[in-house]
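Worksheet for the structure shown next.
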Amino acid sequence: MTEATKHFIGGDWRAGAGPTFTVLNPSTGAPIAEMAIGTPEEVDEAVRAARAALDGGWADSTGSERRKLLLRLAALVAEEAADLGRITAEDVGMPQVFAFGEALFSAEYLEYFAGWADKIQGDTIPVQAPRVLDYTLREPVGVVAAIVPWNAPTSLTLWKMAPALAAGNAIVVKPSEHAPLVPLRLMDLVARAGFPPGVVGCVTGTGPETGRALVEHPGVDKIAFTGGTETGREVASTAGRLLKRVSLELGGKSANIVFADADLDAAASQACVACFLGSGQQCIAGSRLLVEASIHDEFCERAVAAARGFITGDPMDPSVQLGPLISARQLDRVLAFVEEARPEATVALGGARLGGDLARGYFVPPTVVTGVRNDMPIAREEIFGPVLSVIPFRDEAEAIQIANDSPYGLAGGVWTNDLSRAHAVARALKAGTVWVNSWLAVNPSTPFGGYKSSGVGREGGREALGLYTEVKNVYVQMR
Ligand code: NAD
């Protein structure tokens with residue numbers, strides 16, 4: 001084992017003063033790094049360095065300066081995509097080919113927000129008074145705390161950094177304790193891109209120690225959080241108590257609705273991709289598959305056949321589509337949901353840990369459970385594993401009712417060739433994203449976020465700039 005990871009504070013790499021946390025490779029259970037657990041003092045230093053950077057000139061930087069820096073970072077991320085993919089595969093278990101794609105996608109995200117950096121502007125507003133000039137300014141919020149989960153570390157870190165930096169904020173990133181290595185690698189690239197010291201910092205650590213200290217720090221103006229709904233609730237209540245700006249990207253239990261008139265081959269294969277990509281460890285997993293009763297049995301056969309075609313295994317193997325779950329704890333939790341459903345539902349595929357060469361890791365193959373009712377725990381809770389619950393419905397009204405009967409509202413899907421129905425159902429779903437005859441299409445230019453317990457605010461697109469700017473109204477009485 002090498003020395004513990006370092007924090008990136010004020011443009012320098014600093015050894016941590018606190019204890020460490022052992023990061024495991026989920027494919028083997030073997031330790032891959034000792035991560036420094038950031039202390040409240042280290043969090044304080046990073047926040048102070050961010051403030052000093054703002055006061056030292058970053059707050060007055062021009063949009064074109066920020067655009068150039070973000071474009072340089074985008075180029076470096078694209079250049080290092082293979083390395084970021086390798087680290088993600090080792091740290092998170094995401095298949096390397098997908099993780100490589102995730103890095104390239106993240107570079108595009110940076111490019112998109114680089115384009116906004118010199119286009120953030122206010123309005124001139126007519127008011128009901130003579131000889132008045134009224135206008136708005138969009139100013140950076142200040143110091144942003146970015147708290148990120150482990151499941152897609154490159155994109156989820158950069159989804160916060162890109163709009164925050166484009167708008168002229170400074171940012172301190174707190175990676176997940178399960179996947180700190182990618183955000184740390186990104187800090188190397190931040191330094192190489194030439195961002196002034198302190199504009200971007202990174203303090204690694206666990207949630208209760210480091211994350212909480214960052215959220216509570218009086219020098220943090222805005223918290224951008226992605227993670228589980230329960231953690232989000234705690235972060236939001238702290239933000240409420242301290243009156244900090246907060247945006248939350250939380251969990252999901254998204255419904256993918258297949259009508260009898262859909263292209264059933266495409267729907268079956270995409271329903272599997274929607275649920276099984278990332279081994280189901282994605283917030284937007286289409287984990288509830290709602291199928292019209294008249295095609296239910298036939299469609300289940302197609303879905304099971306499609307699911308059988310997915311290869312689960314070593315994430316370094318380019319032919320593999322499903323890697324391991326992140327931890328032994330998560331493995332037990334996922335399988336417990338399947339066991340709990342067994343007396344009432346049918347496990348048509350999967351449902352058990354994989355052994356043989358994969359026995360040391362936390363591997364579960366694609367699992368399809370049919371005959372699920374929407375009130376069963378397997379249909380209500382975010383499982384974060386490759387478990388597809390199939391629920392039949394009679395008609396459009398019932399499909400909408402079942403889809404919306406969830407505490408979550410992150411995404412939804414509609415498979416149909418009836419144009420009117422596609423739009424009507426898209427409108428009726430209480431979800432932040434609806435895909436029609438597709439799934440997983442996320443673009444830098446489109447808003448992304450959740451209704452209900454899936455979050456507050458929208459990352460992506462122009463909407464994201466609202467999260468990272470304050471609006472100031474200026475009223476000028478002319479003589
Ligand atoms: P998590 O809530 O356990 O942890 C997320 C982050 O919060 C980690 O960095 C963790 O260290 C930190 N944290 C934990 N407790 C904290 C506290 N008290 N104060 C401050 N920070 C704290 O989530 P996870 O297991 O890392 O990620 C999986 C979850 O993330 C799933 O629920 C998934 O749906 C969600 N997620 C949502 C989106 C989205 O965009 N909506 C995207 C990806 C993941």
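Numbering starts at 1 and runs along the sequence shown. In each ligand, atom 1 is the first atom listed, and ligand 1 is the first ligand listed.
Remark: minimum distance from atom 38 (C) of ligand 1 to any protein heavy atom is reached at Cys283 SG, 3.1 Å. Regarding atom 23 (O) of ligand 1, its nearest protein heavy-atom neighbour is Gly228 N, 3.3 Å. Nearest to atom 28 (C) of ligand 1 among the protein's heavy atoms is Phe384 CE2, 3.6 Å. Protein heavy atom nearest atom 2 (O) of ligand 1, with residue, atom name and distance: Thr231 OG1, 2.6 Å. At the shortest separation from atom 17 (C) of ligand 1 among protein heavy atoms lies Gly207 O, 3.8 Å. Looking from atom 5 (C) of ligand 1 to the surrounding protein, the closest heavy atom is Thr226 O, 3.7 Å. Atom 25 (O) of ligand 1 has its closest protein heavy atom at Trp150 NE1, 3.1 Å. Scanning all protein heavy atoms for the shortest distance to atom 34 (O) of ligand 1 gives Glu382 OE2, 2.6 Å.
Side-chain contact between Leu289 and Ile391 is absent, with no heavy atoms from C-beta onward closer than 4.5 Å. At least one side-chain heavy atom of Trp415 sits under 4.5 Å from a side-chain heavy atom of Gln270. Residues Ile87 and Asp83 are in side-chain contact: their nearest non-hydrogen atoms beyond the backbone lie under 4.5 Å apart.
Heavy atoms of Glu249 found under 4.0 angstrom from ligand 1 belong to the backbone as well as the side chain. Neither the backbone nor the side chain of Ile326 comes within contact range of ligand 1; no heavy atom lies under 4.0 Å. If you look at Ile147 next to ligand 1, the close heavy atoms, those under 4.0 Å, all belong to the side chain.
Considering both main-chain and side-chain atoms, Glu177 comes within under 3.5 Å of ligand 1 through a nitrogen or oxygen pair. The shortest N or O to N or O distance between Leu250 and ligand 1 is below 3.5 Å. At a 3.5 angstrom cut-off on N or O pairs, Asn151 does not count as close to ligand 1. Close N/O approach between Val235 and ligand 1 is not found [any backbone or side-chain N/O within under 3.5 Å]. Where the criterion is an N or O separation shorter than 3.5 Å, residue side chain and backbone included, Thr206 fails it with respect to ligand 1.
Residue Leu410 approaches ligand 1 through these ligand atoms, each under 4.0 Å from one of its heavy atoms: 41 (N). Set against the non-hydrogen atoms of Leu156, the atoms of ligand 1 under 4.0 Å away are 42 (C), 43 (C). Residue Phe448 has at least one heavy-atom neighbour below 4.0 Å for each of these atoms of ligand 1: 40 (O). Near Gly211, meaning under 4.0 Å from one of its heavy atoms, ligand 1 places the atoms 19 (N), 20 (C), 21 (N). Interface of Gly251 with ligand 1, defined as ligand atoms under 4.0 Å from a residue heavy atom, comprises 32 (O), 34 (O).
Shown are Phe337, Tyr362, Trp150; of these, the ring-ring contact (aromatic ring centres under 6.0 Å, His included) with Phe384 is made only by Trp150.
With 3.5 Å as the limit, one finds a donor-acceptor pair spanning the side chains of Ser155 and Glu102. There is no side-chain donor-acceptor pair under 3.5 Å between Thr206 and Glu177. A donor and an acceptor atom, one from each side chain of Asn256 and Arg288, are nowhere located under 3.5 Å apart. With no hydrogens or angles considered, no side-chain donor-acceptor pair links Lys244 and Thr238 at under 3.5 Å. No side-chain N or O of Glu249 forms a donor-acceptor pair with one of Thr226 less than 3.5 Å apart.
Residue nearest to atom 18 (N) of ligand 1, selected from Glu230, Glu216, Glu209, Glu234: Glu234 (by heavy-atom distance). When the options Lys174, His178, Glu459, Arg212 are ranked by their closest heavy atom to atom 19 (N) of ligand 1, first place goes to Arg212. Within the set Ser327, Pro149, Gly232, Gly227, the minimum heavy-atom distance to atom 35 (C) of ligand 1 is found for Gly227. Closest heavy-atom approach to atom 9 (O) of ligand 1 within the set Val173, Val148, Leu214: this belongs to Val148.
The shortest non-hydrogen separation linking Val190 to Phe8 is CG1-CE2, 4.4 Å. Taking all atoms of both residues into account, the shortest heavy-atom contact from Cys272 to Ala307 is SG-N, 3.7 Å.
Between the side chain of Asn169 and the main chain of Val143, no donor-acceptor pair closer than 3.5 Å is present.
Trp159 does not count as a contact of ligand 1, since none of its heavy atoms falls under 4.0 Å from the ligand. A heavy-atom separation below 4.0 Å is found between Pro175 and ligand 1.
Note: Trp159 and Tyr109 have parallel aromatic rings, judged against thresholds of 30 and 60 degrees for the angle between ring planes. A perpendicular orientation is assigned to the rings of Tyr112 and Trp116, their planes being inclined by more than 60° (bins at 30° and 60°).
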Decide yes or no on salt bridge (charged side-chain N to carboxylate O under 4.0 Å, His left out) for Arg241 and Glu216, but give the supporting numbers first. CA-CA 10 Å; Arg241 181 165 48 83; Glu216 291 185 347; 3.6 Å; yes
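Annotation: cation-pi pair Lys222/Tyr468 present, NZ/CZ under 6.0 Å from the ring centroid and within 45° of its normal.
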